[in-house]
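All ligand and atom numbering here is 1-based and tracks the order in the structure. All values reported here derive from a predicted model rather than from experimental measurement.
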Amino acid sequence: MLYIVPTPIWNLEDMTYRAVRILGEVDLIACEDTRTSGVLLKHYDIKTPTISYHSHSGQTKTDKIIAMLQEWKDVALISDAGTPGISDPGYALVQEVLLQDIEITALPGPSAVITALSASGLSSHHFLYLGFLPVKKWRQTILTRISENKTETIVIYESVHRIERTLWDLAKYFWEDHKIVIWRELSKKFEQYVRGTISETQEYFKENPGKVKWEFVILL
Ligand code: SAM
C-alpha cells in the first residue's frame, strides 16, 4: 500500500496521531529531501528507513518504489512540507501506482492552501488553486484568463524571490484597488496576514522590507 502522508508546513505539532503511527509502521518512507524530513522523523522518534523522491527523481526511483509495493511492502510518501502532490512531488508516483493496480490511500493533514483559505475571510465555497504561477511561458495567459473571468477566490503560492513581481503583475491585471489577503509564515510564531488592496499590500512590503521573507500564500 502507498500512503500519501501530509506533514507540517512548519509547526512540528501539526502532525496527526495517524500520520505518526503510519510513518512508524511502513517499511519505507519516500521523502522529498531526507535531511529536511529527518528533523521531523527524529522529533517523533521514527526510525523507518528513508529514500529521497523529488521532482528530479527519474523512472528508476519510481520503479524501485513500485517494486517494493509489488512485494506487498508498505511505503509512505512525504514532502518537505504539507501535502505531497500539492505543488510538491507525488503525481508521477501516484499515476504509476494506479497504473499498476497497487493500493493507495491518502491521509488528511496540513496544506498551506487550505490553512490560508480557511482564515482568509474570502469565500471558500468555490476557489481556484493555481499553485505557483509560471515564471515565463503561460504567465500572461493565466493572468489574463483569471482576471477576465473571476468567479471564485483565487489562491496562489509564492516564494520570497518573486512576491514583489507577482504583486506587481496582479496590480496590472486586476487593478491596484482589488482586495487581497497575503499570509506569511503560517503556523510559525510570527505568522502574519496582510490584508488590503493590492497597492496597499505593495506599499506595506516596500515600507517593511524585513517582512519580505519566508513563504507566502496570496488570496484574492
Ligand atoms: N505541499 C505544500 C502544501 O501542501 O501546501 C506546498 C509546497 S510548495 C513547494 C511551498 C509553497 O507553499 C510556499 O512557497 C508557499 O507559497 C506555501 N507555503 C508552504 N508553507 C507555508 C507557510 N508556513 N506559510 C506560508 N506559505 C507556505
Quick one: ring-ring contact (aromatic ring centres under 6.0 Å, His included) partners of Y204, sequence neighbours excluded?
none

Could you tell me which residues satisfy ring-ring contact (aromatic ring centres under 6.0 Å, His included) with Y157, sequence neighbours excluded, listed by chain and number?
Y129, F132

Whether K47 and D45 form a salt bridge (side-chain N of Lys/Arg under 4.0 Å from carboxylate O of Asp/Glu) is what I want to check.
yes

Any side-chain heavy-atom pair of L167 and D169 under 4.5 Å:
no

Any donor-acceptor N or O pair under 3.5 Å, side chains S52, K61
yes

Review item, side-chain donor-acceptor pairs of residues 93-113, under 3.5 Å, at least two apart:
| unit_1 | atom_1 | unit_2 | atom_2 | d |
| --- | --- | --- | --- | --- |
| E96 | OE2 | Q100 | NE2 | 3.2 |
| Q100 | OE1 | Q70 | NE2 | 3.4 |

Heavy-atom contacts with ligand 1 below 4.0 Å: which residues, ordered by chain and residue number?
I9, A81, G82, T83, I86, S87, D88, S111, A112, F132, Y157, E158, E185, L186, E215, F216, V217

